Structure formats: C-alpha cells, structure tokens
Amino acid sequence: MAGKSKGGKNKGKVQGTGQSVSAEPEVPVTDGAEIVDTENGEVSEPPAMEGGVTDGEKGDGDAPVDEQPAKKPVEGELHLYPVPVKTQSGEKLELQLSPGDSVIDVKQFLLDAPETCFYTCYDLILHTKDGSTHQLEDYNEISEIADITSGGCSLEMVAAIYDERSIRSHLRRVRELLSLSSLHVSLSTSLALQQESAQGKSPGLEKNPIQELDGLNYMEDSAGALTNLLASAPAEIKCVESIVFSSFNPPPSYRRLHGDLIYIDVVTLEGNKYCITGSSKSFYVNCSNGSILDPKPTKQVLEASTLVGLLQKISAKFKKGFHEVLDRRASAHPFENVQSLLPVTSWLGAYPVPDHRRDAARAEDSVVLSYGTELIGMQRDWNEELQSCREFPHVNPQERILRGRALYKVTCDFVDAAVKGAVGVINRCIPPINPTDPECFHMYVHNNIFFSFAVDSDYEHISKDKPDCQNGPSINSKVSSPDVVAKPDVNHAESTEIADSKSEESQIADSEQATYASANNDLKGTKAYQEADISGLYNLAMAIIDYRGHRVIAQSIIPGILQGDKSDSLLYGSVDNGKKISWNESFHSKVVEAAKKLHLKEHVVLDGSGNPVKLAATVECKGIVGSDDRHYILDLMRVTPRDSNYIGQEHRFCVLRPELVASFVETESMKRSPKQNAPDALEESNDQAASTSDAKATSVEGDDKPEENLAPTHEESENSSAEIFFNPNVFTEYKLAGSPEEIAADEELVKRAGTFLLDIVIPKFVQDLCSLDISPMDGQTLTDVLHLHGINVRYLGKIAGMIKHLPHLWDLFSAEIIVRSAKHVIKEILRQSLDHDIGPAIAHFLNCFVGKVLGASTKAAPGNAQSKAQKGHENSQTQKTKGQKLSHASTSRRVLSTYSNLTSDGIWSSITEFAKSKYQFEVPDGARLSAKRVAVLRNLCQKVGITIAARRYDLDSSTPFQASDILNLQPVVKHSVPTCTDAKNLMEAGKVRMAEGTLNEAYALFSEAFSLLQQITGPMHKDAANCCRYLAMVLYHAGDTAGAIVQQHRELIINERCLGLDHPDTAHSYGNMALFYHGLNQTELALRHMSRTLLLLSLASGPDHPDVAATLINVAMMYQDASNMNTALRYLQEALMKNERLLGPEHVQTAVCYHALAIAFSCMGLYKLSIQHEKKTYDILAKQLGENDSRTKDSENWLNTFKLREEQVNAQKQKGQGANASTDNAINFLKANPAVLQAMKAAAIQSGDGSANLNRSLNAAVVGEGVPRLRGVDERAARATAEARKKAAARGLNVRNGPAANNVSDELAQILKLINSAASASSTSSTSTTASTQVSASEGQVTNGPAQNGTAVETKAADTNGPSAKSTGNTPVGLGTTLELKKQRSKQKP
C-alpha cells in the first residue's frame, strides 16, 4: 500500500562522488507483481545482487579500521559492471550493476544514492552501445534488454508524469529524508568515530595507563545501569519549519483539468510562507495569499520537478540543512538506515521524557489511520497474496529467492496489519461482525483479517477452585467465545452443527480449544505445515497478539467462508469432536504427504456412529475447500503427539515439541542402523537437539529438518519405518479403530517419546547447563535453548529442582517461573482496568511485585485473604467483560478497587499458587527478595509489553514506581513468518568446511548465505546476523582482523535492531568487537566496548553469572596490556570470587581464574604469588581431571617455569645486581592491596568437594562461538572452529593474527624492565619471551595481538594460554591450548 514502501540496502556503489551511499529506511524485500509498490520509482524491493555486498561493502562507521576488502572471493560470485547514469538534473554518477539486476533494483540503488535519493517519479532509459534506446519496465532484468558486460551502455533518468498516488508518495519521501528518526545509530559506530577523531590528536599508545572504566560499578548497581542503556537520540537537523497539506485541498474540478493534484503549505526557516502547487508535471509556487486560492505561478516562476529541488530554490537555509542531513546519513553505517520489518520493542523509554512537539505531518498520519471504515477499496486480500506467493515456482535458486522474498514480505506486512487490527479490536475501535450474539462469541473482521479471542484458561483454572469464585459454567461459555479453532468456517458455515452439540462435554472441549495453549499449538502446527510445503495444501496466515491482558488470534480469511451457504465446504476432519468426520480422497492424499514429513501415522478412527475413517492428522483438524477451489487445512493444534507425561482432559493440548520428535526419530533410526551404536545415536540426537550445526554431511546437504532425511533411509524395512511415525490421536477422547495390539504399539511409541524426554533429553540438558556448555542468560535465551532441545516450558519446575546446587541457574529458573506466573496475574488486572487506569494499575502491580504494599484501607494481616476474595471478584467481573470494557459507573468503582486494593501478599499468593499448579514449583521463601533485581523486572516488562522510564529506581523501597514511570504498553506478538532454508543449509555447510579447516570454502558459503538472506529477508534478520558473525570468525582466523571488525560490526547493528539493545546476543557482539579491536592494539576502544558488554550483561542476567566472570577476566587482560596492573588484578579477583561463589572453589573454571592471576603476577615479577596461584590451579585440575590429563600437566609446566624464574631472580640478587625485586614487590603489592591478600587467604583455606560433574572448562573461544551457549546452533561452531585451527595450521594456511603481532615483545620487554628492574638483561629477555609469546588458540581462537600476559582475551571465556610453539627452552606448551582438547574429543563425533 502507499506509504508502506520499505526497501533499500546500500548495495549499489555510487562511484561519482566521494560520499558513501546512504541507504534509506526501506525494507529490502519485494513480494511479487501484486504487492510491490513502484510508486513511480519509490520501490519497495531490494537489489538482487548475489554476493556483491558481502565482500566489498565496508561499513562507514568502522572508521578506525583500515577497510580492506575481504580476501576470499565468493565462488561463483556475479561480476559487477560500471554503468554511468545521467540524473534528471544533468549530474553524472556511476552504478556497479550485475546483468541479473532488475530495473526495480536499479531504482533502489538510485533511491539510496545521495544525488538521487529525492527522485521518485521518473522513467529509466537505457542507451546501448549501438545507439538504440530502450525504456525500461520495472520488472525487466537488465540482461533481457541489453548486454552490459561489453560496456558502452548508459542509463538516463527522465521525469515522468505524477498522479495523485505518486505525488503523495513523493511528499512522504521528502518528509522521510528530512527526518533523522529513522536513523538508528549504534553506540559502537559512535565509539569508533570518536576514536577516529581522537586519534589525530593523540596518536599512538598513551603513556599513562588507560583510564579505568566503571565496569565494576555496573555490576554493583544494575538499577543505576538503566539510565545508561539508551543512547541519546540524534539531534534533528532542521531544514524547514513545516510542510503540510494545504487546506485548499482537494483541488477544485476546474484546476484538476489543468493538472493540479495537490496543494502544500510550506513555512521556511527564514519565516517565509509559500503555497505550492503539485501538478502532474512539476512543483511550483502559486500566488495564493490568505484564504483565496490563486493558482497562477508567481512572477519569478519558481518551479522544479521535485519538491526538494523547489525548496532549495526558495530557501538557502533549506539547501544547507538538507546537505547536512545527507551527510549525516552518509556517515552512518548502511544498515543503520535500513528499517526492520519486524521491529523489536524496548522495555525502557527515554528519561526524562522528551518534549512532545507540534508536528503537523505526524498529526495528518494519525488522522489517516482508520479502522476499516474508509478503506474499502484499499484493503489487501491477504489470503490471495499469500497463496499466490506460495504457488510461485521454486525449482531453481533464483525462483526460490523470488518466492521466499515475496512470502517474507507478505507475511511481515500481514503481521503488521494484524497487530494494528488487534489493538483496534481490544480498544473497541472495530465493531464485531455478530453484535447480536453474546459478547463471549464476538468475532471481528478488519482489513480482511479475522480476529477472535483466546482465554487464559491456566489462570482461570486456578481461580476456579477459590471459594469466592463462582464462575464454573460461565468460564466454559466464555472460554468457548473466541473459539480459536472454530474459525469463521465453523461459526458460520457449520453453525447448525455447533448449535446441536452444546452438551457440557462439548463445552469443556471447546473451552480447551480456545485457550492460550491451543493458540500456541495452532501457530506451531501452521509453521510445521508451512515448512512441509506440500503442493496443493494451503495454510492461513496467522499471528497471536497479546495486549492489555487479552490474547487475540488474527488469521487471513478463507475465500467465501463468510458468504452464503457453505455447508459442503468441510472436506476433511470434524467440527463436532469426532461425532461426524468428513473425508475426501484428494484431500487425504495431500495430508498423507505432509504427514510423512511430520512423522504422523496414517491411521483409522471411529466417528460417533462407529464408522471407520482413515486419517493422517488429528480428528479436530479441518480441511476446507474455499471459493477459490484451494484446499485449506486449519486447526492444527496437535501436529505432534501427546506428551504422555501429562495425560488427562485438563492437559489436552500438552503435546511434544517438534524438535523433540526430530531428536527421538533420529535416535531410534540410529539404534536400528548397523553403522551406529546406541550411545553414539543418543549423543548425536541430543547434539542435534542442541544445535542445528551438526557436522554430518547428510544434515547439511539434505533437507532443513534432519528427520526428513531419515524416513527414506529406513523405508526398505517396513517395520522400522512404521515405528518412526506417531499416531496423533492416541491418549485422546477419540475412538481408535484397529487391533488392540496396533493401538497398544502406537501408545507405547508415544510413551517412549515421553520417557525419552524425561530420562535422556532433560538429564543431558541439565548436564550441559552444569558444565556451562549451555549458558542461557535471561528468560528469552532460556526459553530458546529449552525449545532447541525439544523441552516444553512446562518442565521448568522439574529442571529447576535438578540444578539447585548452582546459584546462578537456580536464580535464572526460579525467576523465570515467577515472572511467567506474575504475567498471568497482571494480565488479569489489565483485563479489568479501564482505559484511564492502565498506567496506575501497572505501576501499582509493579509496586506490589517488587515493593511492599500493605493495602489502601485495610490492616496488613488480612491482606492475603482479602486479596483472594478480591481475586474471586475480579474473575466474576471478567465473565461480564469479555473483550469489552465496563461502562457503568457502579462497575467502574468496583474495577477501580480491583487494582487499588491489591497487596503484595495477595499478588505473591497468586504467583505462588500459579507456579505450583502450572510448573509444580514451590516458590522459595526468599523469592520476594530475589525479585528486587533489574533482570527480573526487565523479563516481566518484556513479556507483558510494558515500557518504563529509564531512570534509577530504588527497588528496596516499598513503592519504587510512580504512574508516570509507565510510558507505554505495547502488543507482544507471535507469528509464523517463514525462514530461509537454503541460507540455513549453506550456513551448516560453512560450519562443516570450517571444521575441516578449509577457510576459503567456509567463507564462500557464509557469504553466499548472507547474500541469499539479503535478497529474501533483507539484512535486518537474526539469521543474517549469524552469517556476519561466522564471516567475522573466518576472517579473524585468516588473520584479517580489520575485515573481521567490519563483519562483526554488522552483526552488532543487526542484533541491536532485531533482538534488542540489551539482548545477551547483543552483549556478546560488543564483546567480540572488543576482542577484535584489542587485536588491532586499539585497547581503549576495546575497553569501551567491554564496558558496554558488562552493562548489557548486568541488565540481562544480573551480576551473578559465569559469563560475567569470564568477561571480567577479559577486561582484566586488556587493562594488563595497557599496563594498568592494579585495575587488572581487581577485575581478576572479582572474577575469581564470582566463580568460587557460583561454580565452587574446585571447578575447572575457577582454576582458570587462578591461572590468569598467576600469569598477571608473573608479568609484574611477583613470582612468589605466581607460584602460589599456579599451585592452586594445579591442585584443582589434578583433583577434577587427574594428574595425567594434559591440562594438569600444562599447569605443572607453568609451575616449574615460575619456579625457574624465581630462581633466576634470586641468582641475580646473590650477584648483587638487583634488589629483592620479587619478594619486595610481592610484599609491597599485598600491603597496598589488602583486598587481594584477603581473597588469597580465603581461597587458601577454602576446601570442599566441588562438583564432580562440573568437569568441563568454560574456555570456549569467543571467536569460535560468537554467541555460544545462548543458542545451540553455535555450540558446535566452537568445536568446528577448533578443528579449523588445527587443520588450517597443518595445511600451512595463515592462521596467525596479522596486525600487531611482532612489536609486542619489544614493548612488553620495556614494561617488564620497569616493573622488575632487578633482573639482568638475559633474565628480562627470557621473561619477555615467555610472557609475550603469542597465545595459542583454544577452540577456534586465534592469537590476540598484544597478548602480553599470555592470556587470551575473549568475550565469553578468557582462557589463559601459555606460550606458543615458537617459544624455546623450558617454556611449557600453552595451558589453554590443551585445556579444551579433552572436551573436544569427548564432544566431537565423526
């Protein structure tokens, strides 16, 4: 639709000027002929340049880095050819084009270029070598018209005729260009630009120690960190006072005949007022003055083909300001200009709240927002668009790109429209289509989207048991209201059947169908059938929107279902819980085809009359033929089998996750395979659940779902093949046909899957959590990693009971259960709250949750009982107010009391009860105290959609929040946006190549995957961020640190925009940037990024997390390299105390901390302290791993090295050539730092068994993992990278870090001479050699430039590595190098 045009990446390189190309806030996707808007040149379509961007494009924000093109060319990459372009104003510029580029792509390049960004209405003329000219149509490819490879071709922009739509679009474009609100500048970009400007003033390494950043303060005071998260908004550059539609609009009929389309009132910065006519040919200033239209042009004939051109003529200040705006956009990274199609919402808003200023353009846009009343002719047919896109051919890669791009764009647009519509439904702006029915049955249609409500049955089930709550029957009728599964087809087409089946049993079933769980399952089922992609079988577009306590399900509408008698439209399945089951041969064959991919068994059920019916799906699913003759399947609540651990009517929709089914099927298949033994199969299946980056060629080369590769393998044995398929209707109320043996076998298979989850998957998951192989940091990453392993969130309580011995995991799991329980409580309050009470109600709830609220007018003692009674009152109120808000004064007063009389005790009583019922979790006594953490507050706000002011809160006070702190309540959305399987397969293949050590091929595959994603989803997608991270990894391993920074910067920007400013992945992106900058000797810039990492981690997880300790070690290593040893040691001690507290004094990671301290003391010449700490390292490793383990032996070598150093120093003392350097330094240091002494004493007397199962080190290289244990997909990347390092080195590839690798020894030698002046020249040389030798890579890490301390600086893990093989003499091999070998051998299966 007009105004939704979002397209644009910075792909075309403008050669004509020195400016970099400024990408406009357009989303780079197109969507087929019907959906792409080519508003006379304003194109919502991305360049389709394969591979062109991934190599050469360097972000403008990466200024401090020498931007060199990536060294590895992409295999099969399309070449780019220069084509000159003549603009409408006569300027010349040059585009780099590929023959495969479409004309839309070219227009997008021109829309991104500063010289042509304000031209929207023009035709492109192609002049060929032989002198002929061709007018280009938007959907032509360049290669179809002329061969640009031979040269001699040129393009010319020729002004086209405006129409009413294109001229409005042009005005919107001008407003976009003049506003910088669409520019999202990353803090990393700002830091880099600041560093670049500072470098000119103070080049080289600073003499003084780098100023300490207040990272530790973030750890102590995360409440204060809220104020530092949001960067200040960029200052707006004012070009014009106002540009508004004139009140002369619309043009009178007699002026329309002269081409007048629009009148615009402009006030310039000089204070002059102009009335501008927009005609079909141009814009000009007319003579209108006052309230009478005078359409004649002014005497000086101010006219231009664009509005920008005209404004530049009439206002010098506009001309100056517009150039500043373009310069600002050009200085930003191209990705910072691109809009995200699915933007993430922030839980923090600017504080103090910025002034709300007059903006006529904004007011116009808001008035235009209508709820279906005026848009009859403009509504999009979402279903037709979606199904047409699915029917696109997708045989070859180019066709798949076009189809994927179209599907992605339509689905994102649908989600956007669904969110707006759902908000309108909940705010009562859209009337129901069945207003005469009871409120509980109201349904809504807006913008060709069908809306219905789902009910929080979990919460109501709890409140149902309370004595004051008499809402049993009304709950059922209410719950059936939104009937998620009884879509319009059921409510309308099959209304007679529904009316006949209003028995109590049916009502209970209906109530279950309309619950939150069924809505979630329906969405998962829809995704599963989408991925199966069966020709001729169609799904509806679907989104779930949670807002103001309500859950709304939005779906596209099956054609014809709302009109006329469609009693024969049901072809398959049942609408009355199996009493009558429809069946159709053609439909069944398609469902069977999908069932094979989904591991569902073709089976026979009995209908209400006892007739057998053969199905390949659940009974309640419905197959419907629309008026467009397409076959639609819907109500897909159970595309996976029931969870046998939760049997019973109340758990009707407790089903297994698809990831678990895939894992189970793979395990079963491998057990039957003679090539695999059972333990290998289990290991593989669990690894598969944990990670899609399986190193087996089959899962890379084959289909996206690993299980799909297995079915054909075992089809020769019918027996084993049959056992891989599940009967989805076992353990349900439906009657199964077939022999008792067959039914028993089906039930046994489902039970085995449930047992597999309980006995194998969950214990393995817990083991990985304890060993830190998986390290979720907040509620979102915990949920993601649970789902990756195929574990449902309802098992949170069970897992929490298994990890009580680790404080950080216990805090994480208990907080997640409490927040999820609190979410249901606050949603109930929001459902009761009137529009004007929402802010106060949220603030009051947060005060009850975090603070201590005793009640408005009651004593503290009866608060709990009163709250429960009040709760019952709330629920009885709910029955009357489903989907609508109360309007009577009396009920208004009662609703006011609903939230104002809530107390902390009452809220926590409800939370405790819900947690016990839903998660079988006893909320601990200290839970209310642990809820006073920013991480818990953040989690709750994100789940409910609350935005609070980013100010410092006193979370220990009784009422920390004011109503004015609640800035917004936003919808929280779940959707079925498709993923790009081709790109994922390429990424899997790239990881395998990296594991094999072929960095060139890995780079090519990752680049191709990124190019695919750019063309299909645009760069603003989390998969694109993954690609950038892997590309950075490969470049870093290949020694191109500058190139790695470019890619890592891209990943950081994408994560900030797609995941959120404070998402753990964003935090680790900053950490990786710090590592790379440190590798280029830009330590201060690295430390600023590390400071941001600590800030983000403190918000996401709080200070008590092993990843925070690992980050502290990295910060310490950087301070150590900057010769700020006191600060470095404070950070190391903080990390040591964290690890001892969280993991135990005997954990391998604690040993790593001791080793880091030993290295640090060695650098200071304090060898006595080095020996003491290294001895502690050795003792822990010997106890945990055994004395024969290579890591223990490495520690022993280090110990001997330190002793040898001390002997050398003592020898120098005896010769009288120095003072008692080592001993005196050690004594003086400990006197000056009593905290270090106390920590060492505490560590010395600490003894304990430790945790025998915590036998794995945290030493996973950042570069190897990127954002490792947060997402299973990266778990293997680390191991793959380790192999890449070894094999690349064996092949003689350059795996050392190029920059800053050779001059470190000399600098360090000077520092060590100052520190340890007693040592002789030879001793100093020896010390220098050992301490400064390059760090060997562990698990994929390459040497980190200035590793003066012998310790790897890593965002995630900071392994402390010894000298590399280059060292000579008695120097031991690096501890960190071999510290991971055992882990690699145990995990890396062939």
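Everything quoted here is computed from the prediction, not taken from an experiment. Scope of the values below: all heavy atoms of this structure, side chains included, with no hydrogens, waters or symmetry mates. By convention here, the first residue in the shown sequence is residue 1.
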A.B. asks: Who are the side chain to side chain contact (heavy atoms under 4.5 Å, CB included) partners of E593, not counting sequence neighbours?
C.D. replies: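 Partners of E593 under the side chain to side chain contact (heavy atoms under 4.5 Å, CB included) test: I534.
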A.B. asks: Check step by step if side-chain contact (heavy atoms from CB on, under 4.5 Å) holds for H789 and K764.
C.D. replies: CA-CA 10 Å; H789 283 73; K764 173 71 165 56; 5.9 Å; no
A.B. asks: Spell out, as yes or no, whether a donor-acceptor pair under 3.5 Å connects the side chain of T979 to the backbone of T981.
C.D. replies: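 Pair absent, no side-chain N/O of T979 close to backbone of T981.
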A.B. asks: Listed by chain and number, what are the ring pair (Phe, Tyr, Trp, His ring centres under 6.0 Å) partners of H631, not counting sequence neighbours?
C.D. replies: F587
A.B. asks: Sequence neighbours excluded, which residues qualify as side chain to side chain donor-acceptor pair (under 3.5 Å) partners of T783?
C.D. replies: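 Side chain to side chain donor-acceptor pair (under 3.5 Å) check on T783 returns R820.
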A.B. asks: Looking at side-chain heavy atoms only, is the closest gap between F664 and L749 below 4.5 Å?
C.D. replies: yes
A.B. asks: Would you please name every residue forming a side chain to side chain donor-acceptor pair (under 3.5 Å) with D643, sequence neighbours left out?
C.D. replies: N645, R794, Y795
A.B. asks: For the residue pair F414 and M542, what are the closest heavy atoms and their distance?
C.D. replies: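 Between these two residues, the closest heavy atoms are CE2-N, 3.7 Å.
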A.B. asks: What's the shortest heavy-atom distance between L796 and F813, and which atoms?
C.D. replies: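 What the structure gives for the nearest pair is CD2-CD2, 3.6 Å.
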A.B. asks: Are the side chain of S556 and the backbone of L540 linked by a donor-acceptor contact shorter than 3.5 Å?
C.D. replies: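 Such a contact is absent between S556 side chain and L540 backbone.
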A.B. asks: Taking the side chain as every heavy atom from C-beta outward, state whether L386 and L407 have any atom pair closer than 4.5 Å.
C.D. replies: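 Yes, close enough: below the 4.5 Å cut-off.
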A.B. asks: Mark yes or no for whether S589, through its side chain, and S586, through its backbone, hold a donor-acceptor pair below 3.5 Å.
C.D. replies: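 Side chain of S589 to backbone of S586, a donor-acceptor pair under 3.5 Å: yes, one is there.
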A.B. asks: Within this structure, what is the NZ-CD1 distance for the pair K614 and I581, rounded to the nearest 0.5 Å?
C.D. replies: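 Nearest 0.5 Å value for the NZ-CD1 distance: 14.5 Å.
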A.B. asks: Of all residues at least two apart in sequence or in a different chain, which pass the salt bridge (Lys or Arg N to Asp or Glu O under 4.0 Å) check with D546?
C.D. replies: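 D546: salt bridge (Lys or Arg N to Asp or Glu O under 4.0 Å) contacts with R551, K827.
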A.B. asks: Are P641 and F731 side-chain neighbours, meaning at least one heavy-atom pair lies under 4.5 Å?
C.D. replies: no
A.B. asks: Has the side chain of T640 got a donor or acceptor atom that lies under 3.5 Å from a matching backbone atom of L656?
C.D. replies: yes
A.B. asks: Starting at CD of E659, measure out to CG of L786 and round the result to the nearest 0.5 Å.
C.D. replies: 10.5 Å
A.B. asks: Measure up the Y632 and Y538 rings against each other and bin them: parallel (under 30°), tilted (30 to 60°), perpendicular (over 60°).
C.D. replies: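 Tilted.
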A.B. asks: Could you tell me whether the side chain of D635 reaches within less than 4.5 Å of the side chain of S518, counting heavy atoms only?
C.D. replies: no
A.B. asks: When you measure from the side chain of K597 to the backbone of A532, do you find a donor-acceptor pair of N or O atoms at a distance under 3.5 Å?
C.D. replies: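 Yes; judged by distance alone, with no hydrogens or angles, the pair exists.
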A.B. asks: My understanding is that only one of V730, N729, N727, T732 makes a side chain to side chain contact (heavy atoms under 4.5 Å, CB included) with R642; could you say which?
C.D. replies: T732
A.B. asks: Would K524 and R657 satisfy side-chain contact (heavy atoms from CB on, under 4.5 Å), going step by step from the backbone distance to the final call?
C.D. replies: CA-CA 9 Å; K524 281 186 285 193; R657 288 197 61 84; 3.6 Å; yes
A.B. asks: What is the distance from atom CZ of F765 to atom CE of M802, rounded to the nearest 0.5 Å?
C.D. replies: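 One finds 10.5 Å between CZ of F765 and CE of M802.
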A.B. asks: Can you name the residues that form a side chain to side chain donor-acceptor pair (under 3.5 Å) with R403, not counting sequence neighbours?
C.D. replies: H394, D533
A.B. asks: Where do V665 and F726 come nearest, in terms of heavy atoms and distance?
C.D. replies: CG2-CE1, 4.1 Å
A.B. asks: Rounded to the nearest 0.5 Å, how far does CG of N792 lie from CG of L757?
C.D. replies: 6.5 Å
A.B. asks: Closest heavy-atom contact between V977 and T411?
C.D. replies: CA-CG2, 3.7 Å
A.B. asks: Under a 4.5 Å cut-off applied to non-hydrogen side-chain atoms, are R752 and F756 in contact?
C.D. replies: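 No, too far: nothing below the 4.5 Å cut-off.
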A.B. asks: Might you work through the side-chain contact (heavy atoms from CB on, under 4.5 Å) test for K974 and N520, ending with a clear yes or no?
C.D. replies: CA-CA 8 Å; K974 297 179 179 179; N520 286 336; 3.0 Å; yes
A.B. asks: Looking only at heavy atoms, what is the nearest atom pair of I743 and G738, with distance?
C.D. replies: CD1-O, 3.9 Å
A.B. asks: Side chain of N521, backbone of V655: donor and acceptor closer than 3.5 Å?
C.D. replies: no
A.B. asks: Does the side chain of P559 come within less than 4.5 Å of N383's, by heavy atoms?
C.D. replies: yes
A.B. asks: Got a donor-acceptor contact below 3.5 angstrom from the D607 side chain to the G578 backbone?
C.D. replies: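 Answer holds: no.
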A.B. asks: Sequence neighbours excluded, which residues qualify as side chain to side chain donor-acceptor pair (under 3.5 Å) partners of R630?
C.D. replies: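 With neighbours one apart ignored, the set is E384, E391, D628.
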A.B. asks: With rounding to the nearest 0.5 angstrom, report the CG to OH distance, N584 to Y572.
C.D. replies: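 So the CG of N584 and the OH of Y572 are separated by 9.5 Å.
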A.B. asks: R638: which residues meet the salt bridge (Lys or Arg N to Asp or Glu O under 4.0 Å) condition with it, sequence neighbours left out?
C.D. replies: E620
A.B. asks: List the residues meeting salt bridge (Lys or Arg N to Asp or Glu O under 4.0 Å) with E922, not counting sequence neighbours, and say none if there are none.
C.D. replies: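 So E922 forms a salt bridge (Lys or Arg N to Asp or Glu O under 4.0 Å) with K916.
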A.B. asks: I'd like to know if the side chain of R390 reaches the main chain of N539, judged simply by a donor and an acceptor atom lying under 3.5 Å from each other, with no hydrogens or angles considered.
C.D. replies: yes
A.B. asks: I need the L660 CG to L788 CG distance, nearest 0.5 Å.
C.D. replies: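 With rounding to 0.5 Å, CG (L660) is 12.5 Å from CG (L788).
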A.B. asks: When you compare the side chains of H588 and E602, does any donor N or O come within less than 3.5 Å of an acceptor on the partner?
C.D. replies: yes
A.B. asks: Pick from V761, I762, T755: which one makes a side chain to side chain contact (heavy atoms under 4.5 Å, CB included) with D759?
C.D. replies: T755
A.B. asks: Tell me, please, which residues at least two apart from K751 pass salt bridge (Lys or Arg N to Asp or Glu O under 4.0 Å).
C.D. replies: none
A.B. asks: Can you list the residues that meet the side chain to side chain contact (heavy atoms under 4.5 Å, CB included) rule with D1023, with sequence neighbours excluded?
C.D. replies: K984, L1013, H1021, N1026
A.B. asks: The criterion is ring pair (Phe, Tyr, Trp, His ring centres under 6.0 Å); which residues satisfy it with F921, sequence neighbours excluded?
C.D. replies: W810
A.B. asks: Please report the closest heavy-atom contact between I558 and G626, naming both atoms and the distance.
C.D. replies: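 So the minimum-distance heavy-atom pair works out to CG2-CA, 3.8 Å.
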A.B. asks: Dump the intermediate steps for side-chain contact (heavy atoms from CB on, under 4.5 Å) on H975 and L523, then the final yes or no.
C.D. replies: CA-CA 7 Å; H975 49 70; L523 185 64; 5.7 Å; no
